[in-house]
**Q** 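Here's a structure for you.
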Amino acid sequence: MCGRYVNSRSPEDLGVEFDVDQSVLSERLAPDYNIAPTKRIYAVLDRPGDTPERQLRVVTWGLVPSWAKDRSGAAKLSNARIETAAEKPSFARAFKSRRAVVPADGYFEWRRQDGGVKQPFFLHRPDDRALHLAALYELWRDSTREAGHPDAWWWSATILTTESTGELRDIHDRTPLTVRPGALDAWLSTAPSHPDELRALLAPSTEELVARPVSTLVNSVRNNGPHLLEEYVEAAPTLF
DNA sequence: CCAGACGTTGTT
DNA sequence: GTCTGG
DNA sequence: CCAGACGTTGTT
DNA sequence: GTCTGG
């Protein structure tokens with residue numbers, strides 16, 4: 001699945017990479033090597049209109065459906081299964097017309113070893129180019145804010161997952177989906193299409209990734225920095 | 001009809 | 001065990 | 001995803 | 001908002 005990831009890229013670099021028309025940034029996010037659900041993240045999306053506009057935005061990780069009474073359940077909706085997203089009440093409307101891409105350097109998975117020890121891995125492209133994670137976004141009206149207030153609307157997103165493929169299945173059986181090269185416009189389109197056609201635009205990220213073991217320092221969200229990506233090999237047992 | 005839920009993951 | 005916070 | 005809290009009272 | 005259960 002995808003419960004912790006990395007983005008070190010600047011909004012300027014992301015604007016170029018995704019050819020956005022406008023960056024609508026409530027804040028500038030620093031490079032983050034330990035992004036967890038409920039944190040602020042960058043998302044690329046198309047806003048509907050006469051001429052749809054591609055935007056880079058800051059949203060919160062954990063989708064809040066428009067009909068939610070409050071946003072307390074958001075942390076649970078950090079992932080959505082592609083197998084069911086089109087039908088689930090929480091995701092159906094977003095899947096129809098509010099698709100997005102979340103840029104990532106890579107993400108972390110934990111493999112449970114025999115004996116209960118959990119070994120974290122960093123999964124990334126061999127060439128370290130950005131992952132274009134397939135996502136959905138939603139807008140929730142915060143009724144405690146007056147209309148026109150900058151925070152009157154809460155923007156949130158969820159990352160789509162599917163079954164892992166290839167050797168990386170050994171680490172984890174679920175993996176985030178990425179938008180296939182050349183499929184960005186179709187994926188971000190606000191026009192509804194058949195779920196099967198949309199699914200064909202995506203690929204399991206495990207198809208293009210490699211993994212390296214890292215330190216359990218990443219387990220705590222209080223830790224951050226590029227050192228979390230360094231390969232960590234357990235010290236060889238000392239013989240007496 | 002109204003009331004109430006609406007999610008994923010991992011683990012057992 | 002289960003929920004919340006990051 | 002993992003880590004950390006999980007409670008009330010009264011006093012500072 | 002939309003579906004399920006009663």
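Since we're looking at a predicted model, the values are computed, not measured. Reminder, nothing fancy here: chain letters follow the sequence lines and each chain counts from 1.
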**Q** Does B:dT8 have OP1 or OP2 sitting under 4.0 Å from an N or O in the side chain of A:Thr84?
**A** yes
**Q** So, A:Asp21 and A:Arg54, do they make that salt bridge, N to O below 4.0 Å?
**A**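 Salt bridge between A:Asp21 and A:Arg54, a charged N being under 4.0 Å from a carboxylate O: no.
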**Q** With the side chain of A:Thr38 defined as its heavy atoms from C-beta on, choose the nearest nucleotide among B:dT8, C:dG6, D:dC1.
**A**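 So the side chain of A:Thr38 is nearest to C:dG6.
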**Q** Should A:Trp110 be counted as stacked on D:dC2, where stacking needs a ring-centre gap under 5.5 Å and an angle between planes under 30 degrees?
**A** no
**Q** Which nucleotide sits closest to the side chain of A:Arg93: C:dG6, B:dT8, E:dG1?
**A**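 Taking heavy atoms from C-beta onward, the closest nucleotide is E:dG1.
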**Q** Can you tell me which nucleotide in B:dC6, C:dG6, B:dT8 comes closest to the side chain of A:Pro89?
**A**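 Per side-chain heavy atoms of A:Pro89, the pick is B:dC6.
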**Q** Is any side-chain N or O of A:Arg222 closer than 4.0 Å to OP1 or OP2 of C:dG5?
**A**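 Checking C:dG5 against A:Arg222, no side-chain N or O comes under 4.0 Å of OP1 or OP2.
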**Q** Once you round it to whole Å, what is the distance between C1' of B:dT8 and CD of A:Glu163?
**A** 15 Å
**Q** Can you tell me the Watson-Crick or wobble partner of B:dT8, both distances under 3.5 angstrom?
**A**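 Pairing partner: none.
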**Q** For A:Ser90 and A:Arg81, find the nucleotide of DNA chain B closest to each by heavy atoms; which residue's nucleotide sits nearer the 5' end?
**A**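 Its nearest nucleotide lies further toward 5', so the answer is A:Ser90.
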**Q** Does the ring of A:Trp154 carry A:Arg141 above it, NZ/CZ under 6.0 angstrom from centre and within 45° of its axis?
**A**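 Not satisfied by the 6.0 Å and 45° rule.
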**Q** Side-chain N or O of A:Ser220 versus OP1/OP2 of C:dG6: is the shortest distance under 4.0 Å?
**A** no
**Q** In the structure shown, which nucleotide is the Watson-Crick or G-U wobble counterpart of C:dT4, with both distances under 3.5 Å?
**A** D:dA3
**Q** Does the distance from a Lys or Arg side-chain N to an Asp or Glu carboxylate O, for A:Arg40 and A:Glu27, drop under 4.0 Å?
**A**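 A salt bridge is present here (some side-chain N lies under 4.0 Å from a carboxylate O).
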**Q** Checking side-chain polar atoms at under 3.5 Å, does A:Asp105 have a donor or acceptor matched by the opposite partner on A:Ser8?
**A**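 On atom types as modelled, these side chains qualify, holding a pair under 3.5 Å.
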